[in-house]
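Below, each value reflects all heavy atoms present in this structure, side chains not excepted, and no hydrogens, waters or symmetry copies.
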Amino acid sequence: MAATVAPPAAPPPTSATIRSLTAAGNHGAALRALSSLSASSAQLDHFALPPAIKSAAALRDGRAARALHAAALRRALIHRPTPAVGNALLTAYARCGDLDAALTLFAATPPELRDAVSYNSLISALCLFRQWERALDALRGMLAEARHDVSSFTLVSVLLACSHLAGDDGRRLGREAHAFALKHGFLDEGRERFPFNALLSMYARLGLVDDAQSLFRTTAAAFSPGGGDVVTWNTMISLLVQGGRCAEAVEVLYDMVALGVRPDGVTFASALPACSRLEMLALGREIHAVVLKDGDLAANSFVASALVDMYAGNERVGNARRVFDMVPEPGRQLGMWNAMICGYAQAGMDAEALQLFARMEAEAGCAPSETTMSGVLPACARSEGLAGKEAMHGYVVKRGMAGNRFVQNALMDMYARLGEMDVARRIFAMIDPRDIVSWNTLITGCVVQGHVAEAFQLVTEMQLPSSSSSTEDERCMPNNITLMTLLPGCAAQAAPARGKEIHGYAVRHALESDIAVGSALVDMYAKCGCLAASRAVFDRLPRRNVITWNVLIMAYGMHGLGGDAVALFDQMAAGGEATPNEVTFIAALAACSHSGLVDRGLELFRGMERDHGVKPTPDLHACVVDVLGRAGRLDEAYNIITSMEPGEHQVSAWSSLLGGCRLHRNVELGEIAAGRLFELEPDEASHYVLLCNIYSAAGMWEKSVAVRARMRRQGVAKEPGCSWIEVDGAIHRFMAGESAHPASAEVHAHMDALWERMRREGYAPDTSCVLHDVGEAEKAGMLRYHSEKLAIAFGLLRAPAGAAIRVAKNLRVCNDCHEAAKFMSKMVGREIVLRDVRRFHHFRDGSCSCGDYW
DNA sequence: CTAGGGTTAG
């Protein structure tokens, strides 16, 4: 018979057992040990209770906390022999979500039985519930008793509370706390680093990046045995990134690594957004490699989300998707979905964004958050019909997200893009408090919708103190985004004075080296006709991206300097600062086209896919057609179109061909191109106008009249021509046949005088572009009041003596205006710069920069 | 009794 040996009975637990289990983080075991102990009860003393209560708190086990409270009460151990049990209970209740129980416990403790830890526990409990003001009141109570020392624990909680106070209070109290910490030696060498880190993050949360940085510079050395604490470094990196100072954040990361501090997941999650914003793909990839080597980091969903964001921000949506797919479904948390959806939306892959949005809840049971919504809404705004958009608005309201500022900003953007500015303004009016994004979104909407004056008005308003009852300080300073969105407004209006003001603001606020602002400045100066200024900004930029290069190439092309544009292209392709993309080739080919560099253009096009991996798109095909067509090689241009894929969008290619046919008076091909265009875009006036011009130039008046009749019959209206000129910072608009401008009568009279003088000096008007079927004399009369001529006349009257007359026009300049401007430039001895939809014409002394090749 | 992280607008 086999003897069964009973296992040796476990020794009964003691308070020391519980203490060590709690200290080891083994909270479940600590509570189990306690329950076997309660039976014997003799050991349930004031040594065993505090660690047990801490374990209950760590497990968020409210029932255990209450049971321990009851046991302590029975034994009268709450405040005696020390306040330790009561203090631990206070924290446990707070951790378990019962602030009232914690506060009641504190209030029930006679003041003489409280110690400093009691107050510290109370203050941190209030902070846990985000009761910042009450936390500071508790501090005042503690100080009033005057027998408790403020410790590092107290300081850390107080700093946390200060960092969340609205307005100036947080800043004032935070700086006081900083002074207190200094005075009492908390920042001395060798002291624990918690108060130092807490000060840094307080400045971070208050947005006082410079204060944080100077504290870091002066004091970090005192806390950096072995290179310092990773938390300190992480705080610095994230506060710099959030303050938009990404380049400095990257420097801090390099410093940290150089000092031998090992970055962790938080470091990478904080630094990766900088790689995204600075387009530092190489650094992002390096981080990715380190993450892959360390399995623990890859499992950190914050790191994975940041990687997705980094790849998406570097135009590597495919890589982003691969990171997304690599994280298995259950680990794919909300942030991952958000990062991927926003990545798709930012890449303009709206269908993918919407599809993923549909999948996240249906398949993964992950409820969209406000962030998800602010990510998909832009994608939604660009696709589907209006009904889908309003459905999305309804969805947001139903889910109770309509009060979220990010969502409101995205909704406002959606309606602004739709042209529903009134709805956008109504949403804007409801946002409280407004942030810089709210302002930027409405400003951008105004610029895009052409309400540039309103946009500038908003820029003034945003900087004024808030007039509403809101407690938050709503004042916002224009940032790089604000400038970046205003500049295209100046460019569109050819308003260099306003553009220069913005440039000045950028210089004063250290924003001129921002790539986005810099690129927009290069573009603005170029489109305002100041090519030298444009180039100067480009040359001064510390870094440039593909957009900066594209803008400059476009600038030279627009100014008729095709050779320089192509040289810049070569420089870009050889330099490695940016890789040419589709837009680069569009810019380079357009430049070739406008300067007649046909063979160079064809060469570029042939090498495009082979040497640069850029696939020919419909727009690129249209560019080559334009290169060939403008040079009169119309048959080759036609062959390009017929070689395009059948399903490909051919509208722009056909209209380029039609333009070439007008230039070279080719009726036969022109009729073919126009025929295709009338099928593809029956409502587009410019196609009819071009065919009319072709017939008129060939003297085929009946056919010309027939096209005009067809236009009228189908209700196709030509966009009215409109020109404008900036004088003394104000923009003056002129339209043919309109007298809305206050000086209209004077301008018309001046034009009459100029016209008469021109005719006397031998000017012969070119009437081939007049579409109306009237006599020659009447045609000449209509030409005389074309909007660009009126604007030039106004400029001659009001612009400072000797200054170039800079006029912009919304359509292409007609033949006669081109000739007239040329003639006038000599006659009145003034430089005239005329900008149309595509390019610049510089008239000086009777000739044009384009050499009449346009 | 204490500190640090991602996903938004252009």
Side-chain angles (χ1 to χ4, degrees), chain A residues 54 57 84 87-88 90-91 94-95 115-125 127-128 151-160 163 192-202 204-205 229-239 241-242 264-273 276 300-310 312 333-343 345-346 369-378 404-410 412-413 416 435-445 447-448 479-486 488 516-517 520:
Chain A
K54 275 177 213 171
N87 292 343
L90 199 169
T91 302
R95 290 276 160 94
D115 63 3
V117 177
S118 313
Y119 278 98
N120 293 343
S121 306
L122 174 69
I123 295 169
S124 68
C127 286
L128 194 64
S151 69
S152 61
F153 290 98
T154 329
L155 253 179
V156 167
S157 301
V158 165
L159 288 167
L160 182 70
S163 72
E192 41 173 4
R193 54 182 196 266
F194 286 121
F196 172 60
N197 286 341
L199 263 172
L200 278 183
S201 38
M202 174 200 70
R205 271 190 291 262
D229 174 24
V230 68
V231 173
T232 311
W233 291 100
N234 290 348
T235 309
M236 280 313 295
I237 292 171
S238 87
L239 79 88
V241 171
Q242 274 159 21
D264 63 6
V266 177
T267 321
F268 293 141
S270 312
L272 280 167
S276 168
N300 180 335
S301 83
F302 286 119
V303 176
S305 307
L307 277 171
V308 169
D309 177 56
M310 184 277 294
Q333 282 154 17
L334 181 63
M336 281 290 278
W337 288 97
N338 287 349
M340 197 62 238
I341 290 172
C342 297
Q346 274 166 13
S369 68
E370 279 99 345
T371 306
T372 327
M373 298 317 297
S374 54
V376 269
L377 278 168
N404 175 277
R405 201 192 321 149
F406 289 156
V407 173
Q408 288 170 316
N409 288 343
M412 182 170 54
D413 185 52
D435 64 4
I436 180 77
V437 180
S438 318
W439 289 98
N440 285 348
T441 304
L442 190 61
I443 289 168
T444 307
V447 171
V448 169
N479 65 2
N480 52 344
I481 307 295
T482 324
L483 305 194
M484 191 187 92
T485 60
L486 284 169
V517 173

Side chain of [X] (C-beta onward), nearest among [options]:
| X | options | answer |
| --- | --- | --- |
| A/Ser121 | B/dA9, B/dT2, B/dC1 | B/dC1 |
| A/Arg95 | B/dT2, B/dG4, B/dC1 | B/dT2 |
| A/Cys342 | B/dG6, B/dG4, B/dT7 | B/dT7 |
| A/Ser124 | B/dT7, B/dC1, B/dG4 | B/dC1 |
| A/Asn234 | B/dA3, B/dA9, B/dG4 | B/dG4 |
| A/Val437 | B/dA3, B/dA9, B/dT2 | B/dA9 |
| A/Thr371 | B/dT7, B/dG4, B/dT2 | B/dT7 |
| A/Ser270 | B/dT7, B/dG5, B/dA3 | B/dG5 |

Report the distance from atom [atom1] of [X] to atom [atom2] of [N], rounded to the nearest whole Å.
| X | N | atom1 | atom2 | value |
| --- | --- | --- | --- | --- |
| A/Phe268 | B/dT7 | CZ | C1' | 19 Å |
| A/Asn404 | B/dA9 | CG | C1' | 12 Å |
| A/Asn338 | B/dT7 | CG | C1' | 5 Å |
| A/Gln242 | B/dG4 | CD | C1' | 10 Å |
| A/Asp229 | B/dT2 | CG | P | 17 Å |
| A/Leu239 | B/dG5 | CG | P | 10 Å |
| A/Arg193 | B/dG4 | CZ | C1' | 11 Å |
| A/Leu307 | B/dG5 | CG | P | 18 Å |

Remember a base hit wins even if backbone is also touched, and classify [X] as base, sugar-phosphate or nothing at under 4.0 Å, heavy atoms.
| X | answer |
| --- | --- |
| A/Asp264 | base |
| A/Asp413 | sugar-phosphate |
| A/Pro378 | sugar-phosphate |

Check the geometry between A/Phe194 and B/dT2 and answer yes if their rings are stacked (centres below 5.5 Å, planes below 30°), otherwise no.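 No, A/Phe194 does not stack on the base of B/dT2.
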Please answer whether the main-chain N or O of A/Leu272 pairs with a side-chain N or O of A/Ser276 as donor and acceptor at a distance below 3.5 Å.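 No, because the side chain of A/Ser276 does not come within donor-acceptor range (under 3.5 Å) of the backbone of A/Leu272.
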Is it true that A/Asp264 and A/Asn234 share a donor-acceptor pair across their side chains at a distance under 3.5 Å?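 Note: A/Asn234 and A/Asp264 side chains meet the donor-acceptor criterion.
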Test side chain to side chain donor-acceptor pair (under 3.5 Å) on A/Thr154 and A/Ser151 and set out the steps. CA-CA 5 Å; A/Thr154 329; A/Ser151 69; 3.2 Å; yes
If every non-hydrogen atom of [X] is compared with every non-hydrogen atom of [Y], which pair is closest and at what distance?
| X | Y | result |
| --- | --- | --- |
| A/Ser270 | A/Val241 | O-CG2, 3.5 Å |
| A/Ser305 | A/Gly335 | OG-C, 3.5 Å |
| A/Pro273 | A/Asp309 | CA-OD2, 4.3 Å |

Can a side chain N or O of A/Gln346 be found less than 4.0 Å away from OP1 or OP2 on B/dT7? no
Does A/Arg205 put a side-chain nitrogen or oxygen below 4.0 Å from OP1 or OP2 of B/dG5?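 A/Arg205 to B/dG5 OP1/OP2: no side-chain N or O under 4.0 Å.
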Quick check: any donor-acceptor pair below 3.5 Å linking the side-chain of A/Ser305 to the base of B/dG6?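 When only heavy-atom distances are counted, A/Ser305 does reach the base of B/dG6 through a donor-acceptor pair under 3.5 Å.
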